[in-house]
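What you are looking at is a predicted structure, and each value in this text was computed from that prediction instead of being measured. Because only heavy atoms are used, hydrogens play no part in the values below, and waters and symmetry mates are left out as well, while side chains stay in.
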Amino acid sequence: MGIISGAASITRFTVSPVPDEIDFEPIRFEAIPARAEVRERIGVVPLDPGAPYEAGARRWFFRVRFDTVKPDPTAVQERLKQLIYAELEMTGATGVGPKKRKRLKQQAEEELVVDANPRSKIIECCIDGETLYVGTTANAALGTIMALLRQIGLVAAFKTPWIDLGEPDFESPLIESFEPGASALGCRFLRHLLGERGLMIEPESGYVKLQAPDARITLSGAVLPELHRYVERGAEVLAAKLLTPTTSFRLDGLTFRMTGMRVESSRQEHWTETLDERLRMIEETWDLLDQTYARLRDQLRR
């Protein structure tokens with residue numbers, strides 16, 4: 001799932017400072033050499049070899065590539081069985097203890113990793129003005145990308161409507177959050193969407209995750225009747241599938257991160273035109289979320 005193709009999963013950041021030109025060369029990706037001791041490489045690559053990073057006025061599109069060398073788990077287990085058998089033959093013991101088994105497994109991994117091929121993961125990113133869109137919601141990847149951009153002087157901070165509006169934090173007795181930028185205000189925002197029309201909780205093929213006083217609950221399908229009952233009893237809405245006039249997606253209330261957004265785009269001659277079309281729809285959806293939040297903000301602390 002990415003920005004330029006497929007369903008979109010997006011985390012937003014505010015980036016500063018944003019220069020007129022960005023030099024990605026210091027953080028470009030370099031492949032792991034064969035049989036090297038290096039086990040991981042992370043860096044930036046363009047959309048295609050030789051393609052420019054710049055995709056318009058103060059807009060840059062880039063992909064972050066994660067390469068990791070790990071041995072095949074099945075091969076490791078088979079080699080471990082061989083090592084255990086050899087150990088028992090040599091010692092005459094009837095079994096191996098947990099510490100010895102751990103050492104033998106490490107030996108199996110070290111033997112097999114030498115000839116293992118790197119496994120790659122690609123995450124699409126776009127800097128548009130002062131906003132960075134990252135095509136994932138995974139915390140580990142987000143932290144790595146933030147650290148990578150700091151190497152070229154770009155500081156990325158999580159972007160949510162409560163941060164943009166400078167609102168103080170809000171605590172709920174039902175919710176604990178330790179993630180940067182997260183707030184129970186986003187959960188209250190989802191609760192107040194029950195009366196909305198332009199941005200609403202999907203009524204027929206919906207998905208809602210709730211935190212009740214005594215349990216965490218997941219609803220699917222025609223969720224509204226049950227959702228109303230739980231909210232009336234004081235439950236917080238952690239996440240929900242939302243519907244707009246043009247798309248649908250899931251929104252995590254605590255972090256304000258979007259997953260599974262349907263982005264319809266027509267066939268274009270060049271990838272920059274596809275990016276323009278898809279990014280316009282993504283930005284319009286975020287604008288609707290931000291505007292609705294600003295309109296409801298006075299109700300969220302009640």
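- Closest heavy-atom contact between L190 and I201: O-CD1, 3.7 Å.
- Side chain of R191 to main chain of A235: a donor-acceptor pair is present (N/O by atom type, distance under 3.5 Å, no hydrogens or angles).
- Taking the centre of each ring, F158 and F13 come in below the 6.0 Å mark.
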Take I122 and V64, measure what side chain to side chain contact (heavy atoms under 4.5 Å, CB included) needs, and give me the verdict at the end.
CA-CA 6 Å; I122 300 287; V64 179; over 6 Å; no
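- Within the 4.5 Å cutoff, no side-chain heavy atoms of V208 are placed close to those of I217.
- M146 and I123 fall within a single hydrophobic cluster, where Ile, Leu, Val, Met, Phe, Trp and Tyr are joined by side-chain heavy atoms under 4.5 Å apart, directly or via other members.
- For the atom pair R295 CZ and Q291 CD, the distance stands at 9.0 Å (nearest 0.5 Å).
- Note: L279 CG to T272 OG1 = 12.0 Å, rounded to the nearest 0.5 Å.
- Between K159 and D164, at least one side-chain nitrogen of the basic residue sits less than 4.0 Å from a carboxylate oxygen of the acidic one, meeting the salt-bridge criterion.
- Interatomic distance, OG of S183 versus CD of E171, reported as 9.5 Å (0.5 Å rounding).
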For M281 and M261: C-alpha separation, side-chain torsions, deciding distance, then whether side chain to side chain contact (heavy atoms under 4.5 Å, CB included) applies.
CA-CA 10 Å; M281 185 173 180; M261 178 184 177; 4.1 Å; yes
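- Contact check on E226 versus R229 returns a salt bridge, with a Lys/Arg side-chain nitrogen under 4.0 Å from an Asp/Glu carboxylate oxygen.
- Using a 4.5 Å cut-off on side-chain heavy atoms (C-beta onward), F249 and R262 make no contact.
- Taking the six-membered ring where the residue is Trp, the centroids of Y53 and F24 are separated by under 6.0 Å.
- In this structure, the side chain of R278 engages the main chain of I4 through a donor-acceptor pair within 3.5 Å.
- Side-chain contact between P168 and R301: present, with at least one pair of heavy atoms (C-beta onward) separated by less than 4.5 Å.
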ring-ring contact (aromatic ring centres under 6.0 Å, His included) for W162 and F170? Distances and angles first, verdict last.
CA-CA 10 Å; W162 50 85; F170 172 75; over 10 Å; no
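- Under the 4.5 Å side-chain heavy-atom criterion for Ile, Leu, Val, Met, Phe, Trp and Tyr, L174 and L194 are members of distinct hydrophobic clusters.
- Exactly one residue among L142, T11, I10 makes a side-chain contact (heavy atoms from CB on, under 4.5 Å) with T136. That residue is L142.
- Looking at R12 and D290, a side-chain N of the basic residue comes within less than 4.0 Å of a carboxylate O on the acidic one, giving a salt bridge.
- Of the possible donor and acceptor atoms, none in the side chain of E196 sits under 3.5 Å from a partner among the backbone N and O of L199.
- No side-chain donor-acceptor contact under 3.5 Å links D128 to the backbone of T131.
- The side-chain heavy atoms of I3 and V134, taken from C-beta on, include no pair separated by under 4.5 Å.
- Taking each heavy atom of P46 and A51 in turn, the nearest pair found is CB-O, 3.4 Å.
- Linking ILVMFWY side-chain heavy atoms closer than 4.5 Å, directly or via other members, places L275 and L47 in a single hydrophobic cluster.
- Under a cutoff of 6.0 Å and an axis angle of 45°, R41 and F29 do not form a cation-pi pair.
- Closest heavy-atom contact between I152 and D23: CG2-O, 3.6 Å.
- Remark: E87 does not engage R103 in a salt bridge, criterion side-chain N to carboxylate O under 4.0 Å.
- Between R65 and D67 a salt bridge is recorded (basic side-chain N to carboxylate O distance below 4.0 Å).
- Applying the 6.0 Å contact sphere to CZ of R197 captures no more than 12 heavy atoms from other residues, nucleotides or ligands.
- Taking the side chain as every heavy atom from C-beta outward, T160 and E167 never approach each other to under 4.5 Å.
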Begin from the C-alpha positions of R101 and L80 and carry the test side chain to side chain contact (heavy atoms under 4.5 Å, CB included) through to its verdict.
CA-CA 8 Å; R101 184 183 182 88; L80 175 60; 3.9 Å; yes
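- R59 has no carboxylate O lying under 4.0 Å from a charged side-chain N of E54, or vice versa, which leaves the two without a salt bridge.
- Within a 6.0 Å radius of CD in E130, no more than 12 heavy atoms belonging to other residues, nucleotides or ligands are found.
- One finds the CD atom of E124 at 11.0 Å from the OG atom of S9 (value rounded to the nearest 0.5 Å).
- Using a 4.5 Å heavy-atom cutoff, the side chains of L210 and E236 are not in contact.
- With a 4.5 Å cut-off on side-chain heavy atoms, L83 and Q107 count as touching.
- Cation-pi geometry between K121 and F66 is satisfied (NZ or CZ under 6.0 Å from the ring centre, within 45° of the ring normal).
- Heavy atoms only, all atoms of each residue included: D20 and W60 are closest at O-CZ2, 3.4 Å.
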Go through it in stages, so that I can follow the logic: the residues are L88 and T94, the test is side chain to side chain contact (heavy atoms under 4.5 Å, CB included), and I'd like the CA-CA distance, side-chain angles, deciding distance and then a yes or no.
CA-CA 7 Å; L88 298 180; T94 57; over 6 Å; no
List the steps, then state whether salt bridge (charged side-chain N to carboxylate O under 4.0 Å, His left out) holds for E110 with R79.
CA-CA 11 Å; E110 291 174 350; R79 180 58 181 149; over 6 Å; no
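- Residues L243 and S248 share a closest heavy-atom pair of CD1-CB, 3.8 Å.
- Residues L132 and I163 fall into different hydrophobic clusters, defined by Ile, Leu, Val, Met, Phe, Trp and Tyr side chains chained together at heavy-atom separations under 4.5 Å.
- Between the side chain of R257 and the backbone N or O of T137, at least one donor-acceptor pair lies under 3.5 Å.
- By the 4.0 Å N-to-carboxylate-O rule, R280 lies too far from E283 to be salt-bridged with it.
- Side-chain contact between F189 and L185 is absent, with no heavy atoms from C-beta onward closer than 4.5 Å.
- Atom NZ of K241 sits in a crowded spot, with more than 12 heavy atoms from other residues, nucleotides or ligands closer than 6.0 Å.
- Atom CD in Q211 sits 6.0 Å away from atom CG in L238 (nearest 0.5 Å).
- Linking Ile, Leu, Val, Met, Phe, Trp and Tyr residues whenever their side-chain heavy atoms come within less than 4.5 Å leaves I27 and F61 in two separate clusters.
- Counting non-hydrogen atoms of other residues, nucleotides and ligands closer than 6.0 Å to CD of E176 gives a total of 12 or fewer.
- Residues I282 and A8 share a closest heavy-atom pair of CD1-CB, 4.4 Å.
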